[in-house]
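Some notes on the structure that comes next.
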Amino acid sequence: QVQLVDTGGGLVQAGGSMRLSCAAAGRTLSSAAMGWFRQAPGKEREFVATISGHGTSTYYADSVKGRFTISRDNAKNTVYLQMSSLKPDDTAVYYCAVARVFFTTSRTENYNYWGQGTQVTVSS
C-alpha cells in the first residue's frame with residue numbers, strides 16, 4: 001500500500017508562484033511514473049503533468065506548458081510541481097498520483113494511488 005501526502009497549496013495572486021510537494025510512503029517509487037492532476041469546482045479531474053520513473057522524461061498539459069515544472073527526488077520519494085505565472089483558471093484542488101507504469105502517462109486509469117489533494121487558489 002502506498003500513501004501520498006500532498007502539501008504546499010494556498011492562496012496566491014495572479015502572476016505569482018507556488019510549489020507543491022507530494023511525499024510517498026510505503027514503497028520505493030523509482031520504478032513508477034508520477035503525475036499531477038487537478039479538479040476545479042464543477043469540472044472533471046484533468047491531467048496537469050507527469051514524470052517518468054527515473055525523472056528523465058516529462059509531459060505537460062497544453063494549458064500549463066511553459067509555466068509549470070514537474071520534478072522528483074527518488075531518494076526522498078517525493079515529487080514536486082513548481083507553478084509560475086499562475087492564473088485564476090489554475091484554481092483547483094491538485095492531486096498527485098502514482099502510476100502503474102514506468103513511462104509518462106496522462107491517462108487517469110493508469111494511476112492507482114492518489115493523494116488527498118491540496119487546494120490552490122489564484123486571485124485576480
Side-chain angles (χ1 to χ4, degrees):
Q1 187 74 14
V2 176
Q3 293 180 324
L4 302 175
V5 178
D6 307 328
T7 57
L11 175 65
V12 65
Q13 287 190 328
S17 299
M18 181 178 289
R19 189 176 83 155
L20 305 182
S21 299
C22 174
R27 199 185 97 192
T28 300
L29 298 177
S30 58
S31 61
M34 297 188 72
W36 286 96
F37 293 75
R38 65 187 182 186
Q39 187 166 18
K43 296 186 177 181
E44 293 187 353
R45 189 172 299 188
E46 65 173 2
F47 164 76
V48 175
T50 178
I51 187 167
S52 61
H54 287 172
T56 54
S57 178
T58 58
Y59 178 71
Y60 298 91
D62 288 343
S63 59
V64 307
K65 199 173 297 182
R67 300 188 297 122
F68 290 12
T69 302
I70 188 172
S71 62
R72 66 191 296 164
D73 184 340
N74 285 341
K76 297 181 179 179
N77 246 15
T78 301
V79 65
Y80 305 96
L81 185 69
Q82 178 67 46
M83 305 183 292
S84 60
S85 301
L86 283 161
K87 307 174 183 179
D89 284 349
D90 295 319
T91 295
V93 177
Y94 284 70
Y95 300 88
C96 74
V98 180
R100 297 188 181 89
V101 299
F102 177 83
F103 296 105
T104 57
T105 176
S106 61
R107 299 171 65 92
T108 305
E109 57 267 32
N110 284 340
Y111 290 83
N112 54 349
Y113 295 104
W114 295 82
Q116 83 286 359
T118 183
Q119 175 71 47
V120 172
T121 302
V122 183
S123 63
S124 57

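Numbers here are sequence positions counted from 1.
Applying the 6.0 Å contact sphere to CZ of Phe103 captures no more than 12 heavy atoms from other residues, nucleotides or ligands. Under a cut-off of 6.0 angstrom, the local environment of CZ in Arg100 is crowded, with over 12 non-hydrogen atoms contributed by other residues, nucleotides or ligands. The number of heavy atoms from other shown groups lying within 6.0 Å of CD (Glu109) is above 12. Atom CD of Gln119 is surrounded by more than 12 heavy atoms from other residues, nucleotides or ligands within 6.0 Å.
In terms of heavy atoms, Met34 sits closest to Leu4 at CE-CD2, 4.4 Å. Shortest non-hydrogen contact noted between Pro88 and Ser124 is CG-CB, 3.9 Å. The nearest pair of heavy atoms linking Ser85 to Ser17 is N-OG, 4.5 Å. The shortest non-hydrogen separation linking Ser123 to Leu11 is CB-CD1, 4.3 Å. A pairwise comparison of heavy atoms in Asn77 and Leu29 identifies OD1-N, 3.2 Å as the closest pair. Annotation for Gly9 and Leu20: closest pair N-CD2, 3.6 Å, computed over non-hydrogen atoms.
Tyr95 and Trp36 fall into different hydrophobic clusters, where Ile, Leu, Val, Met, Phe, Trp and Tyr residues are linked whenever their side-chain heavy atoms come under 4.5 Å apart, directly or through other members. Both Phe37 and Val93 are members of a single hydrophobic cluster when ILVMFWY side chains are connected at heavy-atom separations under 4.5 Å. Ile51 and Tyr60 end up in the same hydrophobic cluster when Ile, Leu, Val, Met, Phe, Trp and Tyr side chains are linked at under 4.5 Å. Val101 and Val79 are members of different hydrophobic clusters when ILVMFWY side chains are connected at heavy-atom separations under 4.5 Å.
Side chain of Ser30 to backbone of Gly53: no donor-acceptor contact under 3.5 angstrom is found. In this structure, the side chain of Gln116 engages the main chain of Asp6 through a donor-acceptor pair within 3.5 Å. With Asn74 contributing its side chain and Ser31 its backbone, the two residues share no donor-acceptor pair below 3.5 Å. At distances below 3.5 Å, not a single donor-acceptor pair connects side-chain atoms of Arg72 with backbone N or O atoms of Gly55. Side-chain atoms of Thr91 come within 3.5 Å of backbone N or O of Val122 as a donor-acceptor pair. When atom types are taken as modelled, the side chain of Tyr80 and the backbone of Asp73 share no donor-acceptor pair closer than 3.5 angstrom. No side-chain donor-acceptor contact under 3.5 Å links Tyr111 to the backbone of Ala33.
Note on ring orientation: taking the six-membered ring where Trp is involved, the planes of Phe68 and Tyr94 are tilted (angle from 30° to 60°).
Residues Asn110 and Thr105 have side chains that bring a donor and an acceptor to within less than 3.5 angstrom of each other.
Annotation: side chain of Glu46 is not in contact with side chain of Thr108 (no heavy-atom distance under 4.5 Å). Within the 4.5 Å cutoff, the side chain of Asp90 has heavy atoms near those of the Arg67 side chain. Annotation: side chain of Val120 is not in contact with side chain of Arg38 (no heavy-atom distance under 4.5 Å).
Salt bridge status for Asp62 with Lys65: present, with a side-chain N to carboxylate O gap under 4.0 Å.
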